[in-house]
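Have a look at the structure below, then the notes.
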Number of protein chains: 2
Amino acid sequence: MSTSQPDAFGDHDHAVCRAATLQAALDRLAQSGARLTPVRKRTLEILLESHRAMGAYEVLGRLAADGFGRQPPVAYRALDFLVEQGLAHRVQRLNAFAACLHPDRDHAPAFLICRNCQRVAEADAGPAACALRQSAQGFHVERLTIEALGLCPPCAAQDA
Amino acid sequence: MSTSQPDAFGDHDHAVCRAATLQAALDRLAQSGARLTPVRKRTLEILLESHRAMGAYEVLGRLAADGFGRQPPVAYRALDFLVEQGLAHRVQRLNAFAACLHPDRDHAPAFLICRNCQRVAEADAGPAACALRQSAQGFHVERLTIEALGLCPPCAAQDA
DNA sequence: TTGGCAGCGTTACAATATCACATGAGCACT
DNA sequence: AGTGCTCATGTGATATTGTAACGCTGCCAA
């Protein structure tokens with residue numbers, strides 16, 4: 001599914017999208033040996049329900065409603081775990097988290113955030129990262145954050 | 001001074017650097033017609049004292065010590081103003097603000113954040129932005145955030 | 001069986017950011 | 001000078017986001 005992953009902005013059967021992404025995530029975890037406990041799994045499912053990024057407290061509310069703990073560390077720990085495992089990403093610009101859309105492979109994602117429909121997609125940051133290293137003149141880049149705010153194709157069309 | 005601006009990571013006469021950058025900022029404001037009130041000017045000076053990014057509350061503390069208001073909006077308003085005018089930037093990764101090092105010209109900055117000495121420099125994000133637009137496949141980018149965390153050349157040398 | 005440890009939950013708190021409202025300074029027009 | 005306007009400032013209150021610290025439990029290996 002990797003390269004044919006439906007784009008988050010396009011129309012697609014999200015039930016399938018979600019299930020496929022979840023399965024890829026499970027596979028990845030099985031390999032790494034990390035434990036997908038109930039809170040963690042539920043957290044991932046919550047993130048996968050939409051292509052929006054969710055705040056930690058929004059996730060926490062959902063978890064609490066499902067009978068899990070209702071204190072911030074519960075959500076933060078689960079989210080941090082998912083991020084560490086590469087199953088979710090943190091979107092700095094929104095102080096929020098989004099499920100990874102390509103958990104089946106390592107990648108350097110750039111985020112595309114639609115300011116109208118709030119959806120978030122991932123683009124390949126590789127070329128941009130290369131370009132940046134050129135400009136960076138000797139700076140040793142360890143982690144790179146690239147986030148674009150704008151309009152997704154459907155919203156742009158509707159806007160015009 | 002534009003292209004010969006001393007790099008924030010290198011040794012340089014910061015008094016000169018600061019004065020030159022401040023002057024460029026003043027020139028820019030004079031053109032735009034915006035008002036550089038005392039709080040705003042002081043805020044800019046505070047940011048210019050170092051090449052670190054400062055949190056809003058750190059700035060607020062300094063402002064309060066100088067006799068300005070001591071409530072958060074005082075700092076946020078001044079900082080927002082500077083950002084709007086292009087005289088400062090917000091560093092998302094740090095939830096902090098840094099003076100713009102090149103206020104004399106419009107630019108799309110990428111930030112280079114040294115995790116050791118905490119200094120922040122700006123690199124040209126132009127090429128990376130172009131590369132990203134290629135990857136973004138029809139997404140209409142309005143604002144682009146590029147932030148690299150790593151080691152600046154001096155710190156990397158010392159580390160090895 | 002017992003010691004260690006990861007995971008979870010809780011309390012408490014720290015750090016960051018915004019809202020809403022009142023005051024005051026400067027300016028244009030009369 | 002007086003009036004009304006706009007912008008900037010200051011304040012209190014509150015919202016949002018994020019951590020530290022501690023205890024309990026269940027699991028597992030020695």
Side-chain angles (χ1 to χ4, degrees), chain A residues 29-30 32-47 52-85 87-98 113 118 120 145 147 149, chain B residues 29-30 32-47 52-85 87-98 113 118 120 145 147 149:
Chain A
L29 276 183
S32 86
R35 295 172 48 194
L36 190 66
T37 61
V39 212
R40 291 169 176 176
K41 179 160 186 217
R42 187 74 195 102
T43 302
L44 180 54
E45 289 168 352
I46 289 169
L47 289 183
R52 287 187 310 115
M54 296 180 76
Y57 279 69
E58 190 178 354
V59 171
L60 178 58
R62 300 285 307 275
L63 288 175
D66 290 349
F68 295 99
R70 39 189 66 254
Q71 304 302 323
V74 171
Y76 280 103
R77 283 194 289 236
L79 290 166
D80 289 347
F81 169 84
L82 295 175
V83 170
E84 258 169 39
Q85 299 297 320
L87 304 181
H89 301 292
R90 175 169 210 137
V91 183
Q92 303 277 357
R93 178 139 211 145
L94 305 175
N95 289 328
F97 300 82
I113 309 163
Q118 321 296 329
V120 174
T145 303
E147 299 177 356
L149 186 68
Chain B
L29 276 183
S32 86
R35 294 171 50 195
L36 190 65
T37 62
V39 214
R40 291 171 177 175
K41 180 163 185 216
R42 187 76 195 101
T43 302
L44 180 54
E45 289 169 353
I46 289 169
L47 290 182
R52 289 187 310 113
M54 297 180 75
Y57 279 70
E58 192 178 351
V59 170
L60 178 59
R62 300 285 307 273
L63 288 175
D66 290 349
F68 295 100
R70 38 189 69 253
Q71 305 300 323
V74 170
Y76 281 102
R77 283 195 288 235
L79 290 166
D80 289 347
F81 169 83
L82 294 175
V83 169
E84 257 169 40
Q85 300 296 318
L87 304 182
H89 301 292
R90 172 168 214 140
V91 183
Q92 304 277 357
R93 179 140 210 145
L94 306 175
N95 289 327
F97 299 82
I113 308 164
Q118 320 297 327
V120 175
T145 302
E147 299 177 356
L149 188 66

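So that the names make sense, note that chain A is the first sequence line, chain B the second, and so on, each numbered from 1.
Arg40(B) places a side-chain N or O within donor-acceptor distance of the main-chain N or O of Arg35(B), the cut-off being under 3.5 Å.
For Thr37(B), the side-chain hydrogen bond (donor to acceptor under 3.5 Å, both in side chains) test picks out no residue, with sequence neighbours left out.
Nucleotide dT9(D) holds its P atom 15 Å from the CG atom of Asp66(B), rounded to whole Å. Between Glu84(B) atom CD and dA8(D) atom C1' there is a gap of 13 Å when expressed in whole angstrom units.
For the side-chain contact (heavy atoms from CB on, under 4.5 Å) test with Thr43(A), the passing option among Leu63(A), Asp66(A), Val74(A), Leu60(A) is Leu63(A); the others fail.
In this structure, the side chains of Leu47(A) and Leu79(A) come closer than 4.5 Å at one or more pairs of heavy atoms.
When only modelled atom types and interatomic distance are considered, Gln92(A) and Thr145(B) share no side-chain donor-acceptor pair under 3.5 Å.
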Practice prompt. For nucleotides 7-26 of chain C, just jot down a letter per nucleotide in 5' to 3' order: B, S or -, based on protein non-hydrogen atoms under 4.0 Å.
Written response: SBBBB----BBBB-------
